[in-house]
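Within every chain, numbering begins at 1; the chains are lettered A, B, ... in the order of the sequence lines, protein sequences first and strands thereafter.
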Amino acid sequence: MNQYDGRKITIILIVCVIAIIYIIRLFFLQVVNSTWKEQATALTEEEIPLYPPRGIIYDRTGKMLVTNQTVYNLMVVPKKVGAFDTTSICQLLRIKKEDIDNLFAKSRARGEFHRPQLLVEQITPSDYAAMSEQLYKYKGFYAESRTLRVYPQSVGALFLGDVGKISPQEYKKNPYYTKQEYLGKSGIEKAYETELRGVKGINYAFRDNVGNIKEHAGNKEDMPATPGTDLVCTMDADLQAYGEKLMQNKRGCIVAIEPSTGEILAMISAPTYDPNLLVGRVRGHNFNVLLNDVQKPLFNRATQAQYRPGSIFKLAQSLTALQIGAITPETHIHCNRGIIGCHGNHSNDDLEMAIVHSCNPYFREVMHRMVEADRDKSSRFKDARLGLEIWQSYITQFGFGTDVHSDIPGVKTGSVPGVAFYDKWYGKEQWAFSTIYSLSIGEGEMLVTPLQMCNMACVIANKGWYVGPHTVKQIGLGGSPREEYMKRYQLGIDSSHFSTVINAMEKVLQPGGTAARAALKDIVVCGKTGTVQNAGGKEDHAVFICFAPKENPKIAIAVYTENAGFGGTWSAPVATLMIEQYLNDSIAESSKPREKTILEANFLDR
Amino acid sequence: MSAPRQHPLANVDWLTVIVYGIFVIFGWMNIYSAAVVDANPSPFDISQEYGKQFMFIVISSFLAFLVLYMEGEFFNKFAILIYGVFILLLGLVLAVGTTVNGAKAWIQIGGFALQPAEFAKIGVGLMLAKYISNTKTRFNSWKPRLMAGLIIGLPAALILLQPDVGSLLTFVAFILALYREGLSGNILIIGLGAIVFGVLSIITGFNRIDYPYFGVQSGVYILMSIVFVIGFIFMILIRNFVVPRNRKKLFLITFLSTVAAIGFSYSVNFLVDGVLQKHQKTRIYVTLGLEEKEEDREAMLSDTETAEAAAVSSKKSDDPGYNARMAKIAVGNGGLIGQGYMKGPMTKNKYVPERWTDFIFSVISEEWGFLGSFAVVALFVFLIVRIINMAERQRSQFSRFYGYCVASIFFLHLLINVGMVIGLAPIIGIPLPFMSYGGSSLIGFTLLLFIFLRLDAERLSVFR
């Protein structure tokens, strides 16, 4: 034994202290701190999304309107690319050498050199077949399939909508999507995006240290993709195609709705374009061409153009006045052309004939009686405030100034000016009926969309109610529309008030009426013309709304032709031809000259 | 004095043999897991690391039994010869060795490569033991200290010439063993102080400071100035306030310590800045947390996409922190109970570097979790303490000192290897005893241990 025997303890102590430090460190690394596990997951796990096929869209008769087509994206993993013959691969893929160099430089800068990069987008199956025989020779290059939308009928571009790459704003708002995904941008594609897209699936995989993807051996279960839901839309493809034909060389729109259901049978915004133009590799180029076209083909006039309604607004005026008791059907009013102009040969019409003649002084007086009814005797300014408020409450029930409960994305509401509007414009109690009387004939500050005009036709056809105009009839083949499109919006106007208005609309298409020349032989059409004046000396806008047949109406239509002239001449024939096409499935010989005139008309340069 | 001849395997400490067996088999299992990537081929496939390791295990077992059947006296008698042979081999490797990872450390024999540095420790241990038992020195004079330094220094110098810093570092183990035999404890304290002061020097030296009049210089001069000022203040205090009889001695100590500290600080800085190669320098910086800043890591975590991009794109070549980070992530990914044998994502997807050799502990930690890593560390501590206790029961100083050498060597390997994996030591490539893949290291450690077991088996019959 010697004096150093105690050093055994020192040495054992050193060993134990180090071991304890290490074990504590291990405990923190492995048990306490979870960031290392997150890092490990981020490094080793890859979630490969499985994209389901997008739902197919059919028209109401079963014709396929939108379907999918497979294309190929050529991907490259820069890190895996070996030595290759640049010239030959550029030839094969029809790209320039700079394209590859740029992509490589960009991916290196982003630190994604080991990740797949998109080199050539949307190669058609036939082109891909030619490439695929050679492609295997080039290490690091491979193709990924994707689906694109195709439109076999080539109609209804704005009705159906388009699909495009997600924008940064959309990406931020919706966590479902990745940065590279496609989604509905407009129309049905946008409104029914969640139904159409289905549910993405996930394949979990491992990624090794050089970026190779390997099958997952872990405990996370893969999720298969759920295919998108097929839709039956409300459109009648033949009617839509016919409408697009009628509107060729014109600016304007047609909206056709089945009054009893609110189903939009056709919605044409002219000039139209082939929806297939906005698909695939040509999309970018064509989109710019259409966007910069002075005729604005991408602008959906049916839902986004806000026009002054003109004379057709007299229908809503009549019904409102009858309901609030300002007039009766027997009220005669002198056609005093001193204050407001009129046309035709009449002097003291009752309501029905005033509608037929579209008598401006009559409806000016009707508005007068509605707005200034001595509800407040102290001041006509205060009286007008009370009256306008009541008037506005009825007019908005027609769907004016609201979104008419439509499922179409981006519809405009138009405007029904009320007390607040005029107070702001002229100052409180600075305006009275005399200031605002142009509202009475649908001019002035009144703005409506053609969709709202057509909806008014539906209200009249239904004698007091409407269903929100919608574009999808069945979600899933044989399914139902969305719940809100199975309920009626009832206006506060008694159905008894409608017969005078409907009878008058019938007479509009009878000899002596403003649209007599557009009448059909075997179908009773009830309509109303409008001719909206334009500032700057341009030709008037031609407006016509109608429904048919008179009993048990099947179709309501609004036609708005910009800068065409008189409504009865240019818009009414379009509407009745549409009715004929829809109800008879053909155009009678007697209507052919009318059809010819319309097809030959060209108002684009006006 | 001689005892009746017993069976050679009598008195062998079988518990240690069992612990050895556990280490070797468990190591082999994890080498298999680390090296097998896709299918599950035969673990005996000789063309693969795990197959070769199996062969090394067989050879080691054979050699172990051979050692157990030998006379313990042999190792005492031939210590000088064994030492000499290993010195020759270390010289030979410098002449005809193959260079791997920048170190000329391997002698190619047929299909296998021998790494003499792994065996040299046995020679040094035996030689030192022989010297101590012959001279009965307590290291209280300069001559034995110098002798011990020479015995350790000769192979160390040859290894430095390869250069293999990792193997060199394990020679520090002998200082711990020498401490048991009487080497002043001050050397441990000075050693610890040197480590602390060295780290301080490197950290301050890492910064560049714009000094007035001198321009941009290393920050270490600030440290040196502070030491000088403190030393100066102490010297003044001692000169004026310490009782006169102690004054002279204390003044001298303070003066020498200050000069030594300033000189050491400057030397460390000079060594790191001027002598070390860039990758070694960066390893040290990474370990000290100077290269991988905390905010970078947080930024990495906040955006996993960037994290994976950063982690993957930066490979060994362009990111010196890569190995250290991957090893730590793998360890952390183990959790409490591990990802399961053969199921570690970081291991299986090849993120863990050198995973069957120096980083085998990462593999164990990921697949067996904290329970596994704890068990391995605990078993090593058990083995080391057991060897120390066995060493203490030796009657001969030769056996006792050799036992301490064995324990110290295992301890130093554990300290550096595990420390490197869990980010507490710089990345220094030395194996984890018995578990890392490699014929030289397994055979070397086996011989190291079993020579001691042989000596221990004869503890009752031998007086030296």
Just do the side chain to side chain contact (heavy atoms under 4.5 Å, CB included) check on A:Gln30 and B:Leu336 with the steps written out, would you?
CA-CA 6 Å; A:Gln30 299 190 279; B:Leu336 181 64; over 6 Å; no

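- When all heavy atoms of B:Leu414 and A:Tyr22 are compared, the closest pair comes out as O-CE2, 3.9 Å.
- The neighbour count for A:Tyr176 OH, taken as heavy atoms of other residues, nucleotides or ligands under 6.0 Å away, is above 12.
- For B:Ile384, the part lying under 4.5 angstrom from a heavy atom of chain A is the side chain only.
- To the nearest 0.5 angstrom, B:Asn333 atom CG is 11.5 Å from A:Leu29 atom CG.
- Between chain B and the options A:Thr10, A:Val31, A:Ile23, A:Ile12, heavy-atom pairs under 4.5 Å are most frequent for A:Ile23.
- Interface residue B:Val377: only side-chain heavy atoms are found under 4.5 Å from chain A.
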For B:Met326 and A:Leu43, run side chain to side chain contact (heavy atoms under 4.5 Å, CB included): C-alpha distance rounded to whole Å, both residues' side-chain angles, the deciding distance at 0.1 Å, then the answer.
CA-CA 10 Å; B:Met326 290 302 127; A:Leu43 275 172; 3.8 Å; yes

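- Remark: the backbone N or O of B:Leu424 is not paired with any side-chain donor or acceptor of A:Arg25 at under 3.5 angstrom.
- Between A:Thr44 and B:Met346, the closest side-chain pair of non-hydrogen atoms falls below 4.5 Å.
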Before you tell me yes or no, could you show the steps for A:Lys8 and B:Asn389 under side chain to side chain contact (heavy atoms under 4.5 Å, CB included), namely the whole-Å CA-CA distance, both residues' side-chain angles and the distance that decides it to 0.1 Å?
CA-CA 8 Å; A:Lys8 169 196 161 187; B:Asn389 281 327; 2.8 Å; yes

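- The most heavy-atom pairs under 4.5 Å with chain A, out of B:Ser365, B:Gly340, B:Ala407, come from B:Ser365.
- Heavy atoms of B:Tyr404 lying under 4.5 Å from chain A belong exclusively to its side chain.
- B:Arg393 CZ: more than 12 foreign heavy atoms inside a 6.0 Å radius.
- Closest of all the heavy-atom pairs between A:Trp36 and B:Lys328 is CH2-CD, 3.8 Å.
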Between B:Phe411 and A:Ile11, is the side chain to side chain contact (heavy atoms under 4.5 Å, CB included) condition met? List the steps.
CA-CA 10 Å; B:Phe411 172 61; A:Ile11 292 171; over 6 Å; no

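- Comparing B:Ser408, B:Gly185, B:Ser373 by heavy-atom pairs within less than 4.5 Å of chain A, the highest count is held by B:Ser373.
- A donor-acceptor pair is defined here as one N or O able to donate and one able to accept, closer than 3.5 Å; no such pair exists between the side chain of A:Asp208 and the backbone of B:Lys350.
- When side chains are defined from C-beta on, A:Asp5 counts as touching B:Arg180, because their heavy atoms get closer than 4.5 Å.
- Both the backbone and the side chain of B:Leu176 come within contact range of chain A, judged by heavy atoms closer than 4.5 Å.
- A:Ile9 CD1 to B:Ile388 CD1: the interatomic distance, rounded to the nearest 0.5 Å, is 9.5 Å.
- Chosen from B:Gly182, B:Pro345, B:Gly334, the residue pairing most often with chain A at heavy-atom distances under 4.5 Å is B:Gly182.
- Both the backbone and the side chain of B:Tyr179 have a heavy atom closer than 4.5 Å to some heavy atom of chain A.
- Interface remark: B:Phe382 contributes no atoms to any contact with chain A (heavy atom separation under 4.5 Å).
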